[in-house]
Amino acid sequence: MSHDSHHDPVACKTELAPERSDLGLIRPDRTTGWTDWLTTVDHKKIGILYGAFAMFYFLVGGVEALAIRTQLARPDNDFITARMYNQLFTMHGTTMIFLGVMPLSAAFFNFLVPLQIGARDVAFPRLNAFSLWTFVFGAFVLNASWLFEFAHLAGWLNSFDWHKALVYTDFAPANGWFSYAPLSGTFGQNGQALRFTGVGTDFWIIGIQVLGIASLAASFNFICTIINMRAKGMTMMRLPVFTWMTLITAILIILAFPAITVALIELMFDRAFGANFFNPSAGGQPVLWQHLFWIFGHPEVYILVLPAMGIVSEILPTFSGKALFGYPIIVFSGAVIGFLGFAVWSHHMFTTGLGPVPTAAFSLLTMAIAVPTGVKIFNWLGTIWGGRVRFTPPMVLSLGFIWMFMCGGFSGVMHSSAPADSQQQDSYFVIAHFHYVLLGGVLLGLMAGLYFWFPKIFGRMPNAPIAYLASGMVILGFNLAFGPMHYLGLAGMPRRTHTYHAGNGWETWNYVATIGAYILGAGVFLAFANLAWTAFKGKKCSSDPWGGRTLEWSLPSPVPEYNFAQAPIVATRDAYFEDRHGGKRIAYENDGGEAGVHMPSQSWMPLVASTGFLFAGFGMPMMAMGVPHAGWIVITGLGVLILGIWLWAVEGPGGYMLKTPAAAGSPAPAETVAH
Amino acid sequence: MSETADAHDAPTSTGIDHKKLIMWLFLASDCMFFGTLISTHLLYRKLYPSGFTDAEGHQRFIQNLFNIELTSFSTFILLMSSFLMALAVSAMHKGEIKSFRRNVLGVIFFGLIFLGCQVFEFTHFYHQGLTIQNSVLGSTFYVLTGTHGTHVAIGVLWLILMYFYSFTGKLGGHMGALDVEVAGLYWHFVDIVWIIIFTAVYLVEYLGPNGFWGTGLPAVTK
Amino acid sequence: MSSSPEAAPSQEFLIEETRRYHHFITLALWLAVVTGAEIVLIFLPIPMPVVLTILSLMSAGKFFAVILWFMHLIYDKRLLFWIFVAALMLTFATFSALLALFSVDVLDPKWIA
């Protein structure tokens with residue numbers, strides 16, 4: 001253990017004396033600017049970084065979606081090639097799920113959870129930084145496939161011997177976001193490992209594997225934080241609902257991701273070493289991939305939607321001026337949804353022929369899952385009912401969430417009936433269904449969250465008229481884009497189709513859907529531009545502009561590094577609201593003050609360890625391409641990873657003391673530390 | 001250890017140390033991980049009970065391939081390493097660093113023996129004609145036991161680093177004991193996974209004359 | 001009881017640790033005996049379902065003995081036990097279902113949806 005945390009308290013970390021870790025290196029505690037952001041262990045900065053990357057990838061995924069819609073606007077269109085089309089819908093799905101929604105949810109987890117439970121940081125600050133950078137590099141590896149694809153299309157790779165030897169030259173993944181075997185796998189006898197697809201699939205495998213590691217590490221950390229770091233008096237049934245949903249989401253992640261991790265390892269062995277897990281010509285069962293994928297994939301659906309449900313459960317009470325209706329029921333429903341989510345995976349596979357008993361069982365369980373979801377909807381309606389509703393931008397988006405999510409839920413229940421599902425399978429009806437859930441549900445929820453907490457994150461207020469305009473465009477464009485797809489699907493238009501002939505009766509609604517998609521895209525872009533502008537130039541606002549209910553609103557905006565100058569002691573649910581309007585005040589522990597608050601030291605090591613994934617992630621697909629010596633890149637990557645973790649372990653946690661301006665006993669934390 | 005209010009030393013809401021809690025969460029997650037691997041092996045055993053065809057074209061049953069004496073020996077070794085690990089953790093709690101070092105050296109030694117047995121077993125099977133490429137059985141068997149072996153190897157590496165770290169004098173007190181205990185939890189988990197694998201993958205092949213899965217349909221081989 | 005005091009360990013703590021020490025030795029002996037019994041059992045002429053049941057019980061017994069004593073779950077907070085057992089039960093249920101799904105060997109085409 002290090003004895004280096006014996007500083008005198010300082011008002012700002014730049015005033016610290018330089019200090020060496022157990023390795024003899026100077027800790028990057030005093031830094032500002034780029035170095036500060038790269039080495040930060042502050043959950044708020046990590047949350048902001050997660051959010052920035054997620055919003056960037058949302059736009060990337062959006063551009064991919066618009067290319068798809070442009071191609072489908074007219075019959076017999078040749079705007080993009082069929083191959084590029086396959087790559088686009090694969091990367092659109094993968095990007096939106098793993099690089100858009102999950103990290104944006106993670107941004108909220110990071111920023112809000114410690115604030116909502118009255119903690120000064122997460123349980124493992126450096127592990128948190130490791131999760132962030134692992135996500136960043138995993139995302140980069142996945143998207144680097146595009147760089148190779150474009151280099152190939154431009155002809156830059158033609159002079160290389162390894163490129164001439166390639167059988168398949170698709171460099172970006174093109175298997176759909178689920179990469180079903182055997183298309184993603186191999187065929188042929190005795191380990192010849194002939195593949196159906198090019199190295200795009202290898203990029204996908206390693207990219208998802210690395211992103212999975214990031215999600216797992218973050219989830220262990222958050223479960224630990226929520227269970228172990230609650231403020232005094234913050235019992236489990238006083239936790240804000242968003243924190244509860246974070247907990248359930250994290251539990252789902254740690255139990256669902258191992259299945260995909262193993263499935264990816266098996267697929268990797270098939271492709272790289274000629275194993276036969278999913279190789280049909282050697283007796284492998286491709287349907288096993290579907291099972292393993294959906295054992296992960298169905299809980300993943302709830303991993304995507306539960307955080308958005310948590311966000312809406314915070315926003316509705318705030319703008320209805322009422323406590324959340326049926327708090328215990330909402331929490332319990334969330335837990336039931338999470339638990340049942342593990343018992344319904346085969347409803348994605350009705351058409352594989354499971355047999356009558358499993359089909360009936362999975363049908364019934366799937367219908368059962370609609371019950372807790374419906375319970376939540378009624379609780380939200382009960383919250384608004386009789387309230388004094390303020391139609392602020394977050395509230396508008398939240399109301400949109402309830403409505404759109406409900407539509408998605410209705411078409412979801414239709415799928416639970418196996419005979420109906422076998423008609424709808426692989427048609428545009430399915431596209432319509434899950435976009436209503438993921439866009440109308442998750443995206444509206446996350447946008448509502450962004451508008452709701454931006455004033456807390458940056459201390460600045462988004463421009464309301466633009467926010468209303470963007471919300472309206474998103475909701476209108478979204479319905480215009482995906483509403484007609486219900487009809488298209490039932491009229492027989494298949495999923496993942498590059499183009500279609502005229503005369504099927506699909507022309508009009510495809511054209512409408514494309515117009516809707518562009519309105520939607522413009523709306524999302526407008527909203528993100530509005531938010532980005534707000535972060536730097538928005539009008540300053542008070543620390544609690546909305547009349548918030550939970551602990552984060554009791555803090556100044558932007559939140560000081562140490563969060564709470566004095567640790568709060570909570571006496572009730574909705575502690576901050578009760579503190580101002582009810583009888584139960586928030587008490588404060590007599591810590592902090594002159595002695596200062598203990599802060600964890602910043603560190604380069606999480607970034608160094610994550611860099612290993614960058615090397616390994618690039619090396620694996622390059623090995624598959626046949627690039628000479630690429631195996632050494634992989635080995636270097638694993639070496640860097642192990643070295644990073646070892647240096648991280650022996651450098652010692654360090655830490656320093658930060659002076660807070662608050663005098664002991666004063667409930668209101670004073671001004672932010674000036675930088 | 002640290003006199004200041006280190007975030008990691010602060011009392012937790014549940015009274016459980018962060019590190020211990022996160023390790024148990026990791027192990028809970030690892031249950032699903034090994035569950036997936038073991039069930040992949042088992043369901044392919046069920047579908048293709050007849051083993052594999054070696055390079056000479058002979059049908060080989062898995063019972064004739066396995067060497068139950070060797071596997072029993074390595075199982076015993078791993079169980080005893082778990083016992084020594086428990087003693088090493090106990091020694092750290094009592095602050096007996098020398099006893100800790102003795103026991104942890106034993107664990108490392110036994111872990112290396114286990115890995116040696118596995119290398120021998122893999123080589124032996126390979127020469128008998130079972131490869132990762134020539135059958136589904138080869139793929140599932142090598143990847144399942146190999147992944148377990150990788151877990152053992154990571155554990156050995158972890159303990160070796162910890163052994164040497166103990167000479168710096170920084171491994172001590174409550175935090176040091178906690179670090180050792182967490183490494184111990186990982187080691188024991190690797191052990192209990194092997195307890196399951198030993199029964200589900202090895203022993204059941206000896207039930208009755210043809211093993212639990214029978215010899216069934218002709219194997220789909222290449 | 002997982003954490004030792006900072007200074008010299010107290011008397012009760014040492015007594016407790018010694019008691020655990022003896023438990024560990026007893027358990028190690030039992031683990032060896034049970035493993036030996038398992039290996040003998042598979043070669044005895046007993047009907048397969050019986051052997052399979054006994055083997056499963058022995059394996060589960062060893063499994064829980066290790067997590068309870070070696071991994072201190074019996075001494076630690078109840079929460080840790082339930083975290084692990086919940087995950088274990090979920091794993092068991094999920095993969096039992098998966099194995100059962102693969103038992104449909106012959107499928108009548110008219111069953112398929």
Side-chain angles (χ1 to χ4, degrees), chain A residues 1-3 5-6 22 120-121 123-125 127 188-193 216 219-221 223-224 227-231 234 254-259 261-263 265-266 269-270 273-277 279 281-285 288 292 295 591 597-600 642 646 649-650 652-653 655 657, chain B residues 1-8 10 12-19 21-23 25-26 28-37 39-40 43-44 47-48 131-140 142-143 147 154 157-158 161-162 165 168 170-176 179 219-222:
Chain A
M1 276 296 293
S2 59
H3 287 266
S5 44
H6 300 180
D22 291 6
R120 291 201 171 112
D121 210 323
F124 296 92
L127 184 65
Q189 305 258 313
N190 232 348
Q192 287 164 346
L216 282 169
S219 301
F220 295 134
N221 205 347
I223 300 177
C224 217
I227 293 183
N228 248 355
M229 294 184 70
R230 286 167 284 132
M234 180 66 85
I254 70 165
L255 294 175
F257 266 77
T261 307
V262 169
I265 290 172
E266 292 176 351
F269 267 79
D270 273 12
F273 307 115
N276 302 306
F277 287 102
N279 178 355
S281 38
Q285 298 277 324
L288 176 63
L292 295 184
I295 285 175
D591 61 354
V597 172
H598 179 270
M599 302 296 295
I642 293 171
W646 182 66
V650 298
M657 304 304 284
Chain B
M1 205 53 208
S2 53
E3 291 86 304
T4 51
D6 190 320
H8 293 262
T12 62
S13 310
T14 54
I16 303 168
D17 290 299
H18 290 330
K19 281 185 181 173
L21 180 60
I22 203 170
M23 183 42 89
L25 292 169
F26 169 74
S29 175
D30 232 19
C31 275
M32 282 297 279
F33 183 87
F34 277 106
T36 316
L37 278 168
S39 61
T40 303
L43 72 89
Y44 277 130
L47 290 177
Y48 309 119
T131 69
I132 201 169
Q133 300 181 336
N134 73 353
S135 58
V136 180
L137 174 65
S139 305
T140 61
Y142 284 123
V143 171
T147 310
I154 292 171
L157 182 67
W158 188 351
L161 291 175
M162 208 162 235
Y165 191 65
T168 62
K170 288 174 189 159
L171 192 74
H174 172 58
M175 288 310 278
D179 287 348
V220 178
T221 48
K222 306 183 272 191

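These numbers were taken from a predicted model, which means no experiment stands behind them. Numbers restart at 1 for each chain; the letters A, B, ... are given by sequence-line order, proteins then strands.
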Asks: With a 4.5 angstrom heavy-atom cut-off, is it the side chain or the backbone of A/I227 that approaches chain B, or both, or neither?
Replies: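 Contact with chain B is through both the backbone and side chain of A/I227.
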Asks: Are side-chain heavy atoms of A/V262 and B/F34 found at a separation under 4.5 Å?
Replies: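 Heavy-atom side-chain distance check fails, nothing below 4.5 Å.
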Asks: Could you list the residues that satisfy side chain to side chain contact (heavy atoms under 4.5 Å, CB included) with B/T131, not counting sequence neighbours?
Replies: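 Per chain and number, B/T131 pairs via side chain to side chain contact (heavy atoms under 4.5 Å, CB included) with B/Y126, B/Q133, B/N134.
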Asks: List the steps and the verdict of side chain to side chain contact (heavy atoms under 4.5 Å, CB included) for B/T14 and A/R230.
Replies: CA-CA 9 Å; B/T14 54; A/R230 286 167 284 132; 4.0 Å; yes
Asks: To the nearest 0.5 Å, what is the distance between OG on B/S139 and CG on A/D270?
Replies: 6.5 Å
Asks: Which distance, rounded to the nearest 0.5 Å, do you find between the OH of B/Y165 and the CH2 of A/W646?
Replies: 10.0 Å
Asks: Just how far is it from atom CD1 of A/I254 to atom SG of B/C31, taken to the nearest 0.5 Å?
Replies: 10.0 Å
Asks: Hey, what do you get for CD (A/E266) to OG1 (B/T36), rounding to the nearest 0.5 Å?
Replies: 8.0 Å
Asks: Give me the atom names and distance for the closest heavy-atom approach of A/C224 to B/H18.
Replies: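 Taking A/C224 first and B/H18 second, the nearest heavy atoms are SG-O, 3.4 Å.
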Asks: Checking B/Y44 against chain A: side chain, backbone, both or neither under 4.5 Å from a heavy atom?
Replies: side chain
Asks: Just so I know, are the side chains of B/T12 and A/M229 near enough to count as touching, which here means a heavy-atom distance under 4.5 Å?
Replies: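 Heavy-atom side-chain distance check fails, nothing below 4.5 Å.
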Asks: Got a sec, which residues hit salt bridge (charged side-chain N to carboxylate O under 4.0 Å, His left out) with A/D121, two or more places apart in sequence or on another chain?
Replies: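 For A/D121, no residue satisfies salt bridge (charged side-chain N to carboxylate O under 4.0 Å, His left out) once neighbours in sequence are set aside.
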Asks: Roughly how far apart are A/F124 CZ and B/I22 CD1, rounded to 0.5 Å?
Replies: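 Atom-to-atom, A/F124:CZ and B/I22:CD1 are 4.5 Å apart.
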Asks: Where does B/L161 contact chain A at under 4.5 Å (heavy atoms): side chain, backbone, both or neither?
Replies: side chain
Asks: Quick one about A/N228 and B/S13 (side-chain donor to acceptor, distance below 3.5 Å, no hydrogens or angles considered), yes or no?
Replies: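 The criterion, which ignores hydrogens and geometry beyond distance, is not satisfied for A/N228 and B/S13.
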Asks: When you compare the side chain of B/T40 with that of A/F277, does any pair of heavy atoms fall below 4.5 Å?
Replies: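 Answer yes - side chains close enough.
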Asks: Using non-hydrogen atoms only, which part of A/L288 is less than 4.5 Å away from chain B: side chain, backbone, both, or neither?
Replies: side chain
Asks: Check whether any side-chain heavy atom of B/S29 lies under 4.5 Å from a side-chain heavy atom of A/L216, and answer yes or no.
Replies: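 Yes - at least one pair of side-chain heavy atoms lies under 4.5 Å apart.
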Asks: Measure distances from B/L43 to the heavy atoms of chain A and classify the residue's part below 4.5 Å as side chain, backbone, both or neither.
Replies: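 It is the side chain, since no backbone atom gets that close.
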Asks: What's the separation between atom OG1 in B/T140 and atom CZ in A/F269, rounded to the nearest 0.5 Å?
Replies: 12.0 Å
